[in-house]
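What follows is a short report on a single structure.
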There are 2 protein chains.
Amino acid sequence: MFNAVAEPRRREILDLLMEGERPVGDIVERLELGQPQVSKHLKVLREVGLVDAREDGRMRVYRLNGRGLKPIHDWVSNYERTWSERFDALDVVLDELKDKEARDERP
Amino acid sequence: MFNAVAEPRRREILDLLMEGERPVGDIVERLELGQPQVSKHLKVLREVGLVDAREDGRMRVYRLNGRGLKPIHDWVSNYERTWSERFDALDVVLDELKDKEARDERP
DNA sequence: TTGACACATTCCCATATGGGTATATATTGT
DNA sequence: ACAATATATACCCATATGGGAATGTGTCAA
């Protein structure tokens, strides 16, 4: 899944979908990439759960599923303290509290 | 650079280096991977600035440079709000403050 | 039903990449 | 100087992957 995001065009697709759901055609236009290529990238993103598709007539509307990026966020966050000196003991505690709250609210 | 981190073994190397600097031999042992392979992975990580090397006699001691992961962290953080409902307006303000402080301290 | 449209899938090709093996380079110890 | 050690590099091979072109599938409109 790190792999899915390692592709520049796929990151562009995700960035685009952050604006809102989009049919394939729109993505093809914006990325200036062939339609089959976009479909293939979307397939990869679908397989790792980073996007969902909704059928609307003869078009498929793709929607971002940002939660799929949480594993990456979690992994990278472990390294945050190596560059952010502000990420000291207090910050760690606060972040853990924030995480705990989030878990309690949506178990 | 996303690419460098997309490789599982390279992430293992980074995770290992989080414990502290290590010569190549130690990494080879821990990863149970060939020495040339480890050297090649380290080369990739060096080229994207995720690790630094220090010469110590006939061995090269590699050290983590976590700051190189900041771009990834920044990119993924844009998506955090899509899965964390606690990431509301107040949190955004607080995080921006934290960023600002960090910039002021290390410009 | 037929044709146009939106998208997915297939096939082909060029390139990149990771592992394995062998070898080169540099440094230490004797 | 020589052998051993630590690491880097070169070469080979199998596989994965992205783009391009062609084709398949399902849907709407007339």
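Just so it is clear, the values below take in all heavy atoms, side chains as well, and ignore hydrogens, waters and symmetry mates. Proteins get letters first, then strands, A, B, ... in listed order; numbering begins at 1 in each.
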According to the ring-ring contact (aromatic ring centres under 6.0 Å, His included) rule, which pairs have a member within residues 54-74 of chain B, sequence neighbours left out? A:His73-B:His73, A:Trp83-B:His73
Not counting sequence neighbours, list each pair that qualifies as a ring-ring contact (aromatic ring centres under 6.0 Å, His included) and has a residue in residues 1-54 of chain B. B:Phe2-B:Trp75
Residues of residues 1-15 of chain A with a heavy atom under 4.0 Å from any atom of DNA chain D, listed by number, are A:Glu7, A:Arg9, A:Arg10
Letter by letter from the 5' end, nucleotides 24-30 of chain C scores (B base, S sugar-phosphate only, - none; protein heavy atoms under 4.0 Å) ---BB--
Closest non-hydrogen atom pair, [X] against [Y]:
X: B:Pro23; Y: B:Met59; answer: CB-SD, 3.8 Å
X: B:Met1; Y: B:Pro71; answer: CE-CB, 4.3 Å
X: B:Arg11; Y: B:Val5; answer: NH1-O, 2.8 Å
X: B:Asn78; Y: A:Met18; answer: O-SD, 3.7 Å

Can you list, in residue-number order, the parts of residues 34-47 of chain A that come under 4.0 Å of DNA chain C, counting heavy atoms only?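 Result for residues 34-47 of chain A: A:Gln35, A:Pro36, A:Ser39, A:Lys40, A:Lys43, sorted by number.
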I need the residues from residues 16-31 of chain B with at least one non-hydrogen atom less than 4.0 Å from DNA chain C; give them sorted by number, or say none. none
Would you tabulate the side-chain donor-acceptor contacts of residues 47-55 of chain A under 3.5 Å, counting partners in other chains and residues two or more places apart, or write 'none'?
residue : atom : partner : partner atom : Å
A:Arg54 : NH2  : A:Glu21 : OE2          : 2.5
A:Glu55 : OE2  : A:Arg60 : NE           : 3.3

Tell me the interatomic distance from A:Leu33, atom CG, to C:dC7, atom P, rounded to whole angstroms.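 In whole Å, C:dC7 P and A:Leu33 CG are 14 Å from each other.
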Terminal contacting nucleotides, 5' and 3', DNA chain D versus chain A (heavy atom, 4.0 Å):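 That gives a stretch of D:dG18 to D:dC28.
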Applying side chain to side chain contact (heavy atoms under 4.5 Å, CB included), run through B:Leu16 and B:Arg22 and close with a yes or a no. CA-CA 8 Å; B:Leu16 201 164; B:Arg22 293 278 186 279; 3.6 Å; yes
Say you draw a straight line from CG of B:Leu69 to OG of A:Ser77; how long is it, rounded to the nearest 0.5 Å? 10.5 Å
Donor-acceptor contact below 3.5 Å, side chain B:Tyr79 vs main chain A:Gly68: no
For a side chain to side chain contact (heavy atoms under 4.5 Å, CB included) with A:Arg10, tell me which candidate from A:Leu42, A:Val44, A:Val38 qualifies.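 Exactly one candidate clears the test, A:Val44.
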Excluding sequence neighbours, so at least two apart, what forms salt bridge (Lys or Arg N to Asp or Glu O under 4.0 Å) with A:Lys70?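 Testing A:Lys70 for salt bridge (Lys or Arg N to Asp or Glu O under 4.0 Å), a comparison that skips the adjacent residues, returns A:Asp74.
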According to salt bridge (Lys or Arg N to Asp or Glu O under 4.0 Å), who are the partners of B:Arg9, at least two apart in sequence or on a separate chain?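 For B:Arg9, the residues satisfying salt bridge (Lys or Arg N to Asp or Glu O under 4.0 Å) (neighbours in sequence not counted) are B:Glu12.
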Identify each donor-acceptor pair in which a side-chain atom of residues 24-36 of chain A lies under 3.5 Å from a protein atom, sequence neighbours left out, and give them as a table.
residue : atom : partner : partner atom : Å
A:Arg30 : NH1  : A:Glu19 : OE1          : 3.4
A:Arg30 : NH2  : A:Glu19 : OE2          : 3.0
A:Gln35 : NE2  : A:Ser39 : OG           : 3.1

Output, in order, the C-alpha distance, side-chain angles, deciding distance and verdict of side chain to side chain contact (heavy atoms under 4.5 Å, CB included) for A:Leu45 and A:Leu14. CA-CA 9 Å; A:Leu45 292 172; A:Leu14 294 178; 4.1 Å; yes
